[in-house]
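Right, one structure below, let's go through it.
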Amino acid sequence: RANLEVLDMDEEPDVEDYKEFKKVVSRQIEAMNSIVQGLRLLSSGDSLNLTNFYPYKAVKDILFDLNNLVKDKNLKANIDFDKEDYVIIADQILMKQAIFNIIHNALRYSKEGAIIEIVLKKDVLSIKNYGVGISEDSMNKIFEPFYCVDKSRSKKLGGSGLGLAITKEILKAHGFDISADSKEDEFTEFRIDFKRSDYERIYKKN
């Protein structure tokens, strides 16, 4: 919707604008589809479609999809990976959705002109933003379905309270862990640990 509004504001969009818009819409349709598939998977217990998944490529694609949000808030994303070809075994659609949810939140709740730090070191992907932060009381509830830290803020920014809950369930289904740390009005950091904690169960199931 945001990309469509930007295109509508341009009185004389050229062919390249339409091509760019088509790419973004195609990716976002895929993202919407993955949410539906994710919910169905998590509720049905179906097997994961495991294959090679490259977090660096996923991060780059996600930032491309969210470029308008980055530009609107004058944000900068710093990406620092030990290895750009770092690979894990995961369900392509679901894992990308899990990472998308965290990066999207990081961008939405960042201060104007802030930096987003996306770092992968020793099997841990860290996504850190500098913005409104989360209170200590709310930290224990952020992964609960439909929980919103600030209902008025979530309504304004379009939050549903489902993103982090879905993310945690996707990672749990893969045997990966997620943790978070935050300080109000300063920063929020999410960490995904790709060291598989339940390797045998995941592979026997699939």
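Below, each value reflects all heavy atoms present in this structure, side chains not excepted, and no hydrogens, waters or symmetry copies.
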Check: residues 59-69 side-chain donor-acceptor pairs under 3.5 Å, at least two apart:
| unit_1 | atom_1 | unit_2 | atom_2 | d |
| --- | --- | --- | --- | --- |
| D61 | OD2 | K57 | NZ | 2.9 |
| D65 | OD1 | R27 | NE | 3.4 |
| N68 | ND2 | N3 | OD1 | 2.3 |

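Using a 30° and 60° split on the angle between ring planes, H104 and F100 fall in the tilted class, from 30° to 60°.
The closest side-chain heavy-atom distance from N101 to L164 is not below 4.5 Å. Counting heavy atoms from C-beta on, the side chains of T167 and I99 never come closer than 4.5 Å. Between L171 and M95, some side-chain heavy-atom pair lies under the 4.5 Å cut-off. Contact annotation: the side chain of N129 never approaches that of L107 to less than 4.5 Å [non-hydrogen atoms, C-beta and beyond].
Panel note: side chain Q92, backbone L50; no donor-acceptor pair is recorded below 3.5 Å. Remark: the backbone N or O of D91 is paired with a side-chain donor or acceptor of H174 at under 3.5 angstrom. Panel note: side chain S182, backbone F187; a donor-acceptor pair is recorded below 3.5 Å. In this structure, the side chain of K183 does not engage the main chain of T188 through any donor-acceptor pair within 3.5 Å. The main-chain N or O of V124 is never found under 3.5 Å from a side-chain atom of D193 such that the two would form a donor-acceptor pair.
When all heavy atoms are compared, the tightest approach of P55 to V87 is CD-CA, 4.5 Å. Across S110 and A106, no two heavy atoms sit closer than the pair OG-O, 2.5 Å. For L75 against K111, the heavy-atom pair with the smallest separation is CD2-O, 3.3 Å.
A distance of 11.0 Å separates CD in E169 from CD1 in I178, rounded to the nearest 0.5 Å. To the nearest 0.5 Å, atom CD1 of residue I116 and atom CG of residue N78 are 9.5 Å apart. A distance of 13.5 Å separates CD of E186 from CD1 of I134, quoted to the nearest 0.5 Å. A distance of 9.5 Å separates CZ of F190 from OG of S179, quoted to the nearest 0.5 Å. Within the model, atoms CG of D181 and NZ of K128 stand 8.0 Å from one another, a figure rounded to the nearest 0.5 Å. To the nearest 0.5 Å, atoms OH (Y54) and NZ (K96) are separated by 15.5 Å.
Under the 4.5 Å side-chain heavy-atom criterion for ILVMFWY residues, a single connected hydrophobic cluster contains both I118 and I88. Under the 4.5 Å side-chain heavy-atom criterion for Ile, Leu, Val, Met, Phe, Trp and Tyr, L125 and I79 are members of the same hydrophobic cluster. No chain of hydrophobic side-chain contacts below 4.5 Å, direct or via other Ile, Leu, Val, Met, Phe, Trp or Tyr residues, connects I115 to I127. If you chain together hydrophobic residues whose side chains sit under 4.5 Å apart, I103 and Y130 never meet in one group. Linking ILVMFWY residues whenever their side-chain heavy atoms come closer than 4.5 Å, directly or via other members, places V70 and I102 in the same cluster.
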message = Evaluate D85 against K83 for salt bridge (charged side-chain N to carboxylate O under 4.0 Å, His left out), listing each step before the verdict.
response = CA-CA 5 Å; D85 61 351; K83 296 186 297 182; 5.0 Å; no
request  = In sequence, state the C-alpha distance, the side-chain angles, and the governing distance for I89 and T51, and then conclude on side chain to side chain contact (heavy atoms under 4.5 Å, CB included).
outcome  = CA-CA 5 Å; I89 304 300; T51 184; over 6 Å; no
key: Verdict with supporting geometry, D14 and E16, side chain to side chain contact (heavy atoms under 4.5 Å, CB included)   = CA-CA 5 Å; D14 58 28; E16 290 304 315; 3.6 Å; yes
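No hydrogens or angles considered: nothing links the side chains of S126 and E117 as a donor-acceptor pair under 3.5 Å.
Here K22 does not pair with E20 in a salt bridge; the nearest charged N to carboxylate O distance is not below 4.0 Å. Ion pairing of D82 with K121 is present here, as a side-chain N (NZ or NE/NH1/NH2) and a carboxylate O approach within less than 4.0 Å.
Evaluation of the ring pair (Phe, Tyr, Trp, His ring centres under 6.0 Å) test over residues 66-86, restricted to residues two or more places apart or in two chains, returns Y56-F81.
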